[in-house]
Amino acid sequence: MGDSLVPSAIAASGAVDQLRSKTHLYILPADKPEHQRLDLQQELLTRIRNGLFLCKEGVHRALASKAGDPRPVVLDVGCGSGFWTVEMAKQFPEVDVVGIDLFIPDVLAPIPSNCRFEQYDENKEPWTVVEEDEGASVGATWMMI
C-alpha cells in the first residue's frame with residue numbers, strides 16, 4: 001500500500017488467533033493477513049468515495065451537536081482492523097466513535113481520545129455497548145452511509 005491515503009498502522013491482535021480460521025461465529029479468517037486485506041479494502045473504498053462515506057452533508061448533519069442532546073455516538077459494527085473507526089474519530093473529534101468486533105484490534109497508531117474498541121458478540125450477548133439514552137448512529141463499511 002506504498003503511497004497510502006491513510007498509512008496502515010493497524011495489525012490484528014494475537015488474541016485473534018484464538019478464533020482460528022473459520023468458526024460458526026465468523027466464516028472468514030480474523031488474523032493479520034485478513035486485517036491487512038480489510039485495510040486495503042477500506043483504503044480503496046475511501047478513495048472511490050472521496051472520503052469515509054458517501055453522503056457527506058447527511059453525515060455531518062446527523063453528527064452535529066445539538067443543544068441539550070447527549071454527545072453524538074457512532075458505532076462501527078464489525079470494525080475489523082479498526083481503520084474506519086479511527087479515521088472517523090479523527091474526522092469528528094466532537095463525536096464518540098465505538099468500534100465493536102469479536103476481538104479488539106491492535107491499533108499501532110495513536111487512538112484518538114474520542115475513540116474506543118469493545119469486544120462484543122451480538123450472537124451471544126445482550127446489547128450493552130451504548131446506553132439507552134445515548135443517540136447512536138450505526139456505521140459499517142458496506143452500509144454506505
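The analysis underlying the following values was restricted to heavy atoms, covering all of them including side chains, and did not include hydrogens, waters or symmetry mates.
For the residue pair Ala64 and Lys66, the shortest heavy atom distance occurs at O-NZ, 3.2 Å. Residues Glu94 and Pro72 share a closest heavy-atom pair of O-CD, 4.1 Å. Ala89 approaches Pro112 most closely through the heavy-atom pair CB-CG, 3.9 Å. Residues Arg49 and Gln42 approach most closely at NH1-NE2, 4.0 Å, considering heavy atoms.
Put simply, the side chain of Cys79 does not reach to within 4.5 Å of the side chain of Ile100, judged on heavy atoms. Phe83 is not listed as a side-chain neighbour of Gln41, based on a closest heavy-atom distance of 4.5 Å or more. Counting heavy atoms from C-beta outward, Arg71 and Asn114 have side chains that approach closer than 4.5 Å. No side-chain heavy atom of Val74 sits less than 4.5 Å from a side-chain heavy atom of Asp96. Between Val98 and Val73, the closest side-chain pair of non-hydrogen atoms falls below 4.5 Å. The shortest side-chain heavy-atom distance between Met88 and Leu63 falls under the 4.5 Å cut-off. Side-chain atoms of Phe53 and Thr46, non-hydrogen and from C-beta on, never get closer than 4.5 Å to each other.
Relative orientation of the Phe92 and His60 rings is tilted, given thresholds of 30° and 60° on the angle between their planes.
Checking side-chain atoms of Gln119 against main-chain N and O of Leu102 turns up a donor-acceptor pair under 3.5 Å. In terms of modelled atom types and a separation under 3.5 Å, the side chain of Trp84 and the main chain of Leu52 share a donor-acceptor contact.
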Under the side-chain contact (heavy atoms from CB on, under 4.5 Å) criterion, do Val107 and Phe117 qualify, and how do the steps go? CA-CA 10 Å; Val107 179; Phe117 293 94; 3.8 Å; yes
With salt bridge (charged side-chain N to carboxylate O under 4.0 Å, His left out) as the criterion, how do Lys32 and Glu34 come out once you've worked through the C-alpha distance, each side chain's angles and the decisive distance to 0.1 Å? CA-CA 5 Å; Lys32 186 174 182 175; Glu34 174 62 5; over 6 Å; no
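One finds the CG atom of Leu54 at 10.0 Å from the CD1 atom of Ile48 (value rounded to the nearest 0.5 Å). Here OG of Ser81 is found 3.5 Å from CG of Asp39. Values are rounded to the nearest 0.5 Å. The distance from the CZ atom of Arg61 to the NZ atom of Lys56 is 14.0 Å, given to the nearest 0.5 Å. To the nearest 0.5 Å, atom CG of residue Asp101 and atom CD of residue Glu118 are 12.0 Å apart.
Annotation: Glu57, atom CD; neighbour count of heavy atoms from other residues, nucleotides and ligands within 6.0 Å does not exceed 12.
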